[in-house]
Amino acid sequence: MATTKADPKLAGVSEGDIKKGKTYEGLTRQQLVEAYRLMYTSRRVDDREILLKRQQKIYFQISGAGHEAVGVAAAFAMKPGYDWFYAYYRDRALCLALGVTPYEMLLQGVGAAEDPSSGGRQMPSHWSYPRLNIVTQSSPTGTQILQAVGCAETPRYLAAHPEAAKKTSGDYRQFKDVGFHPDEVTYVSLGDGTTSEGEFWEAMNTASNGRLPLVFAVQDNGYAISVPVEVQTAGGNISRLVAGFPNFHFEEVDGTDPVTTYAAFVRSVAHCRAGTGPAFIHAHVIRPYSHSLSDDERLYRPDAERQRDAARDPITRMQMFLIREGILDEKGINRLEKQVEDDLQVAVDRALSAAPPTPETITDYVYSPDIDPTSSVFETQPVFSQATAADGKKAAPKTMADLINATLRDEMRRDERIVIFGEDVADCSREEYLRQKLIKGKGGVFKLTAGLQCDFGSDRVFNSPLAEANIVGRATGMATRGLKPVVEIQFFDYIWPAMMQLRNELPLIRWRSNNGFSAPCVIRVAIGGYLTGGAIYHSQCGESIFTHIPGLRVVFPSNALDAAGLLRTAIRCDDPVLFLEHKRLYRETYGRSAYPGPDYTIPFGKAKIVQPGTDLSVITYGAVVPRALQAAQKLEREHGVKVELIDLRSLNPFDWEMIAASVHKTNRALVAYEDSLSWGYGAEIAARIADQLFQHLDAPVRRLAAMDTFVAYQPRLENAILPQVDDLFRGMKELADF
Ligand SMILES: Cc1ncc(C[n+]2csc(CCOP(=O)(O)OP(=O)(O)O)c2C)c(N)n1
Ligand SMILES: [Mg+2]
């Protein structure tokens, strides 16, 4: 970023204004003037936005005031469009210094269609500029940090797997360019309060352990809204707490001084670029305005304290510095500031007349515009190999667990961008044990990933720390960069630490950045009960919590063949997919199959008729499918009732057409699911049937599901809580008789 030639942006400041001479930590006088111009611009954009907010011409404002020196220092020490940036809302000066224009920032404020950050979808100061590698940011504090870890892991992987970066057609890779530099560095910033978030510590842990090229910039303004730092942070100083993390380069600086802060960034970036490990810069800054325009800091900060801060204001300090060092005189400063004001006025006028987005665009980019996983392209026929066992007999059909493992193996062979990680998914983290053939290897608590590390290497299949947000956050960062993480959450019951990433991050990356970024990846999750002893914390369902999230595809196969086909679609498509694998079905006799070949895919949103019928439609999925089938067969045997049994297979999107066609025919519908009854997945299906198929119904739409409790340990209780064959039989009979 740093330039030495006369800079056209310094129009209004003549070469003569800038006295020649010594440099400051490597910064020339010209660069210092540019630093001031950027800092001053940042402050003035904030001031103008505050005015515009008061005039109700924009709708939100949060300032970077007091943080300007850190931002400029960081940008000067790094390379825009080469290094990567996970910037938080106070990073206005950083973004300006990297090349974002005030006009672009103001487009965010007015929510313009042309706003390159989000096209009017996000609040201002939620930066996203693909051309500058500034990755889309959100409002939850701290969610950016683990994503930055995933981003920082990517160049090392791509350097070791150059094939992975190549453009390939036929799947998501066709639409996902992968660029990287082996020595690139990732920047992530956060406030002092945000260091209290667990995800911060998870990120520190992984960055340290992996010696990642990641600069943490903690901008400590002493407050998180009204909560002072000594309440947030044990002992009041984050530097002291993190000092024990190995492999880090640490700096603690006065972040209101751009020169010393620049020097700290230069040393830190050098440490990262050399591949030595991450860096941690703790910059003490001020917050001269309230937290945001919705906050009034006079309610919790006395005047004296605010005045003490004001004495350290980076803008006035920098002005005084330039004058004291004879770099610019007062006249030169005035001229520079006038130029900034004039340019800003032009930008404000233009932004205020920018067109807003039209409501027709609202649903653009919830999902990939390039690959439709529901399309017929994914409709293929299985190609079963004529595999025979050693004794010449036909090979036994494979379980769902076998076919998922085989599908992962074939896809990894085909696509070098795939990386697999999660808890216990590796064969053995201590590779030497494998090499010396001392052990067989684990490969997942359910063995779904068994042998993959041995086949594909330890940088493609590896164990994560026991931290679910870590798994999903890193996967999101890697996927943003173009890798295809296929990660595992060991038990659905333990997905909740990742909920912030799953609800507020991964599925939103594309929509909130207006297609500037995307993060297609697969989260495999072992789910469900009927385990006899699984109890509360190994039996949960709860899929509707995730089908309620726009942007996330959710699939839930009931048999081995569907699992293979849907998993392959999940991997090859261009959206994030939650792939739910029922533990009880992993090794069930029901639904076994021969391997359908390395290109077998099933489109999302296409249900399957397990058994055709004319008297009653039963709509279900997952482990209820075999149970409902048994009940339906019994009903036909004993009462001649012909049930049409529909296995949804994918839950978002779901096959409304097939449901509607079936109900047209049978005029009766029962929605059966394993989750607890109230607010469960079937509630939506039942409501849709009642709403849209009312005139075709001869009976009320019924739901049959688990009781509204958790699943108990004692099998008698578990049996009573979860829907069983007898319950399904009774439910079907009642509805058929209605
Ligand atoms: C997870 C989460 N909790 C609460 C909030 C509301 N909130 C927004 S900013 C903020 C304080 C952040 O303080 P700090 O990290 O010190 O950054 P600063 O604003 O001081 O720069 C809070 C509580 C949020 N955005 N996200
Ligand atoms: Mg703070």
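As the structure lists them, so they are numbered: ligands from 1, and atoms in each ligand from 1. All of these numbers come straight from a predicted model, not from anything done at the bench.
- Taking the Mg ion (ligand 2) as reference, the nearest N/O/S atom within Asp192 carries the name OD1.
- Between Phe248 and Phe280, the ring planes are perpendicular. Angles over 60° get that label, and only those under 30° would be called parallel.
- Counting only N and O atoms by type, the side chains of Thr143 and Glu505 include a donor and acceptor under 3.5 Å apart.
- Summarising the contacts of atom 15 (O) of ligand 1 with Val285, Thr194, Leu190, the nearest heavy atom is found in Thr194.
- Distance from atom 21 (O) of ligand 1 to its nearest protein heavy atom, with residue and atom name: Tyr88 OH, 2.6 Å.
- Between Asp309 and Arg306 there is no salt bridge, since no side-chain N of the basic residue sits under 4.0 Å from a carboxylate O of the acidic one.
- Every atom of ligand 1 is numbered from 1 in the order shown, and the set under 4.0 Å from a heavy atom of Tyr223 is 16 (O), 20 (O).
- Tyr681 has its ring centre no less than 6.0 Å from the ring centre of His548.
- Residue Tyr223: an N/O/S atom is found under 2.8 Å from the Mg ion (ligand 2).
- For residue Gln219, no N/O/S atom approaches the Mg ion (ligand 2) to within less than 2.8 Å.
- Taking atom 14 (P) of ligand 1 as the reference point, the nearest protein heavy-atom neighbour is Gly193 N, 3.5 Å.
- Geometric assessment of Arg512 against the ring of Phe517 yields a negative cation-pi assignment under the 6.0 Å and 45° thresholds.
- Given atom 3 (N) of ligand 1, the protein heavy atom at minimum distance is Thr141 OG1, 3.9 Å.
- Ligand 1 has at least one atom lying under 4.0 Å from a heavy atom of Asp192.
- Residue contact annotation: Met500 has a non-hydrogen atom under 4.0 Å from ligand 1.
- Of all the atoms in ligand 1, the ones that sit under 4.0 Å from a non-hydrogen atom of Tyr89 are 9 (S), 12 (C), 17 (O), 18 (P), 19 (O).
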Between Asp192 and Arg287, is a salt bridge (Lys or Arg N to Asp or Glu O under 4.0 Å) present by the stated rule, with each step listed? CA-CA 12 Å; Asp192 47 293; Arg287 198 192 69 186; over 6 Å; no

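- With hydrogens left out, the protein atom closest to atom 25 (N) of ligand 1 is Ser139 O, 2.9 Å, a heavy atom.
- When the shell of 6.0 Å around OH of Tyr82 is examined, it contains more than 12 heavy atoms from other residues, nucleotides or ligands.
- Taking the side chain as every heavy atom from C-beta outward, Asn205 and Asn470 never approach each other to under 4.5 Å.
- In this structure, His291 has a heavy atom closer than 4.0 Å to ligand 1.
- For ligand 1, the atoms closer than 4.0 angstrom to any heavy atom of Ile225 are 7 (N), 10 (C), 11 (C), 22 (C), 23 (C).
- Within ligand 1, the atoms closer than 4.0 Å to a non-hydrogen atom of Arg90 are 18 (P), 19 (O), 21 (O), numbered from 1 in the order shown.
- Less than 4.0 angstrom separates some heavy atom of Asn221 from each of these atoms of ligand 1: 18 (P), 20 (O), 21 (O).
- Close placement of the Phe546 and Phe492 rings is indicated, their centers lying within 6.0 Å of each other.
- Note on Asp364 versus Arg121: no salt bridge recorded, every NZ/NE/NH1/NH2 to OD/OE distance being 4.0 Å or above.
- Salt-bridge annotation for Asp46 and Arg43: absent, with no side-chain N of the basic residue lying under 4.0 Å from a carboxylate O of the acidic one.
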Could you walk me through whether Asp295 and Tyr300 pass the side-chain hydrogen bond (donor to acceptor under 3.5 Å, both in side chains) check? CA-CA 10 Å; Asp295 173 46; Tyr300 53 87; 2.5 Å; yes

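- Put simply, atom 6 (C) of ligand 1 has no protein non-hydrogen atoms near it, under 4.0 Å away.
- Under a 4.0 Å heavy-atom criterion, Glu197 is in contact with ligand 1.
- Ring centroids of Phe321 and Tyr24 are separated by less than 6.0 Å, placing the two rings close together.
- When heavy-atom distances to ligand 1 are checked against a 4.0 Å cut-off, Ala224 comes that close through both its backbone and its side chain.
- Each of the atoms 26 (N) of ligand 1 lies under 4.0 Å from some heavy atom of Pro140.
- Atoms of ligand 1 lying under 4.0 Å from any heavy atom of Gly191, numbered from 1 in the order shown and given with element: 14 (P), 15 (O), 16 (O), 17 (O).
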